[in-house]
Amino acid sequence: MRLQTLRRRTPGRTSLVALAALVAATGWPSLASAQAPAPAPVPTTPALPAPPPPGGVQQDAVQPVPMRDAPPSFRPLARQLLPAVVNISTTQNVQARGGNRPDAPDMPQAPPGSPFEEFFRDFFNRNRPGPQGQGPGQGPGAPEQPQRPRRAQSLGSGFIVDASGIVVTNNHVIEGADEVNVILQDNTSIRARVLGTDPRTDLAVLRIETDKPLTAVPWGNSDEAQVGDWVMAIGNPFGLGGTVTVGIVSARGRDIRQGLYDDFIQTDAAINRGNSGGPLFNMDGQVVGINTAIYSPTGGSIGIGFSIPSNLARNVVAQLADGGRVRRGWLGVNIQQVTDEIALSLDMPGGGRGALVARAQEDGPAAKAGIRNGDVILRFNGQEIREMRSLPRIVAETPVGREVPVVIWRDGREQTIGVTVGELPTEPQQAAATPGPQQRPTELAGLGLRVQGITPELRERFGLKPEQRGVVVTEVLPNTPAAEREIRAGDVIVEVQQERVNTPQELQQRIEQLRRQNRPSALLLIESQQGQRFVPLRLRGGERGSPG
């Protein structure tokens, strides 16, 4: 399967009419009425209660939860919402491939999604005049003809959130477009102006101006949309504007590796190419999501679609509409997930939770407040951090300049630090370090590591920064704890158990001290070309064991 955004590219438009009928079951009585009359019930002896379990304690049976009936028809809700959902048509000038004749005809415009569309595209690519298709006057040595740009069209969806003409869609729907048009339900096409875009959340805000009255839809609370709730999607799949589909919320909090702030709603409501930017409604007619991507092996819907939650989008849309840009909170830390093994190394109860600070960026808000490498952020501004990936989103939604309490785990106990949230810079800032002394090489028995103090030769060999300090790994033996944790030659060990090490001797002494304390593992802070990360390294047993 592959993850796809839902913008529909097409060389032209077609007019198709689709008739859909929605049939909903109205309950068992109506089903029974279509069958033969049921025989009269046979009197039975009431069942005796089950005997109590040993010990004389009667356990309460699990009672089924009564289901909320589906509406007999979604027609009233669809009729109410359709005028607020729009089609987005974009046009982009694309430079034609080399060798085109200025008088070459454009590719015929076939109905979007039809077999002819792909047929004409393949045919014209194979037979295009030029180096691949040698037309008259286009052989080797012939002067190259000027290239003729062509106009590429894309289709997407959007919705009106303010009757003054504010339209929301996905950033990828209008990205790179030279012209953006909004098509209303009555097929009126209006040239749109882009107020702002936010690639980090894949959102864009447009403005249209018209004398016609516009219908807007309200935002809903996406946190109230729970798994199993009914939802309705309306959009422009394959250029078929005003398409309505219904389904349920299939899952919450999906991370589909699209960005730092992934928190998607998963739904089985049918969404396809062209649905990008369209709304996902609850049964109160409120927008709880913005349809953005699907999982699909073929490009069509298989019932796995993803929507940006309204609680994430609402603030972004408001900022883009007001000022054209988004200001996000910034903490200034590089973080990683806390595993159960790391939590054990830190004597932290409750297992893996929170966000482990791999690096507090110099002059960042966290470093200024006193947060250090190795701290575990457990709560931020009163919100518990159960998973590392939730911290960036929570910080980003915090107003810039606000001082918030941050609960961390340090030195075997919880501590609270006040941090003034900064503004996320355009380019991420990197932390700096100071140089350390050079040392002789050392082998760490049982761990599979050979290490050495940083020398000019090793600095050049592994591409280390001039200011790099710590102990450099020169060799990793196979089938050892170090190889199991994917430590590689050129990695630099900066800390052991949250204490800095500058020489191989300090590193070895710290490892032996942990062994005397019967520690099962040592928590190393490793720095590589990809950044810093904490690695729990097993101290008991030097060979890789079989999973158990």
Side-chain angles (χ1 to χ4, degrees), residues 2-13 85-96 112-113 121 149-161 165-183 189-208 235-239 241 256-264 271-280 287 289-296 299 305-309 312-328 396 424 426-427:
R2 60 181 184 272
L3 184 69
Q4 299 182 345
T5 53
L6 307 176
R7 176 171 63 172
R8 171 64 185 170
R9 294 186 178 276
T10 173
R13 299 178 56 196
V85 181
V86 300
N87 300 343
I88 307 293
S89 174
T90 65
T91 304
Q92 182 180 8
N93 290 323
V94 180
Q95 191 67 29
R121 183 187 300 111
R150 62 182 180 87
R151 292 170 65 84
Q153 288 185 319
S154 296
L155 299 175
S157 305
F159 57 99
I160 302 171
V161 294
I166 303 298
V167 177
V168 177
T169 187
N170 280 140
N171 174 66
H172 73 261
V173 170
I174 57 96
E175 186 176 20
D178 297 310
E179 181 179 322
V180 179
N181 290 283
V182 171
I183 304 172
S189 180
I190 306 172
R191 183 77 172 264
R193 177 165 57 95
V194 179
L195 295 183
T197 63
D198 182 44
R200 285 188 170 104
T201 55
D202 195 17
L203 291 171
V205 177
L206 314 175
R207 176 179 286 280
I208 57 175
N236 182 34
F238 303 106
I256 60 175
R257 313 297 182 186
Q258 290 290 92
L260 192 60
Y261 309 115
D262 280 15
D263 187 33
F264 287 93
I271 53 179
N272 289 279
R273 295 181 181 179
N275 274 108
S276 272
L280 187 72
V287 178
I290 301 173
N291 302 320
T292 299
I294 59 173
Y295 270 124
S296 174
F306 301 97
S307 301
I308 303 169
L312 173 62
R314 186 172 187 172
N315 180 50
V316 174
V317 169
Q319 294 190 58
L320 292 176
D322 291 341
R325 61 183 292 265
V326 179
R327 298 183 70 205
R328 287 188 171 89
L424 181 67
T426 304
E427 296 294 334

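All values below come from the heavy atoms of this structure, side chains included, with hydrogens, waters and symmetry mates left out. Heads up: numbering here begins at 1 and tracks the sequence.
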* Decide yes or no for Asp262 and Phe306: does some side-chain heavy atom of the first lie under 4.5 Å from some side-chain heavy atom of the second? => no

* Heavy atoms only: give me the nearest Arg191-Glu179 pair and the separation to one decimal. => NE-CG, 3.3 Å

* Asked: Is there a side-chain contact between Val180 and Thr90 (heavy atoms, below 4.5 Å)?
  -> yes

* Validation row: Ile88, Val182 side chains within 4.5 angstrom (heavy atoms) -> yes

* **Point-to-point distance, once rounded to the nearest 0.5 Å, from CG of Leu155 to CG of Asn275** => 11.5 Å

* Asked: Can you name the closest pair of heavy atoms from Val85 and Pro279 and give their distance?
  -> CG2-CG, 3.8 Å

* Structure fact -> Closest heavy-atom pair, Ala313 versus Ile308, reported as atoms and distance to 0.1 Å, is CB-CG2, 4.2 Å

* To do: Drop me the distance from Arg314's CZ to Ile290's CD1, to the nearest 0.5 angstrom.
  => 12.0 Å

* Asked: Quick one: are Asn171 and Leu203 in side-chain contact, heavy atoms under 4.5 Å?
  -> no

* Asked: How close do Pro237 and Asn272 get, heavy atom to heavy atom, and via which atoms?
  -> CB-CB, 4.0 Å

* Asked: Minimum heavy-atom separation for Ala192 to Ile208, with atom names?
  -> CB-CG2, 3.8 Å

* Asked: Looking at side-chain heavy atoms only, is the closest gap between Thr201 and Val326 below 4.5 Å?
  -> no

* Below 4.5 Å, heavy atoms only, C-beta onward: do Leu320 and Leu195 meet side chain to side chain? -> no

* Do side-chain atoms of Thr169 reach the backbone of Ser157 as a donor and acceptor pair under 3.5 angstrom? -> yes

* Structure fact -> Closest non-hydrogen contact found for Leu312 with Val316 is O-CG2, 3.5 Å

* Would a distance-only check, ignoring hydrogens and angles, find a side-chain to backbone donor-acceptor pair under 3.5 Å from Asp202 to His172? -> yes

* Identify the residue among Val287, Thr292, Leu280 that makes a side-chain contact (heavy atoms from CB on, under 4.5 Å) with Ser307. => Leu280

* Within the distance-only criterion (no hydrogens, no angle test), does the side chain of Asn236 pair as donor or acceptor with the backbone N or O of Gly274 below 3.5 angstrom? -> no

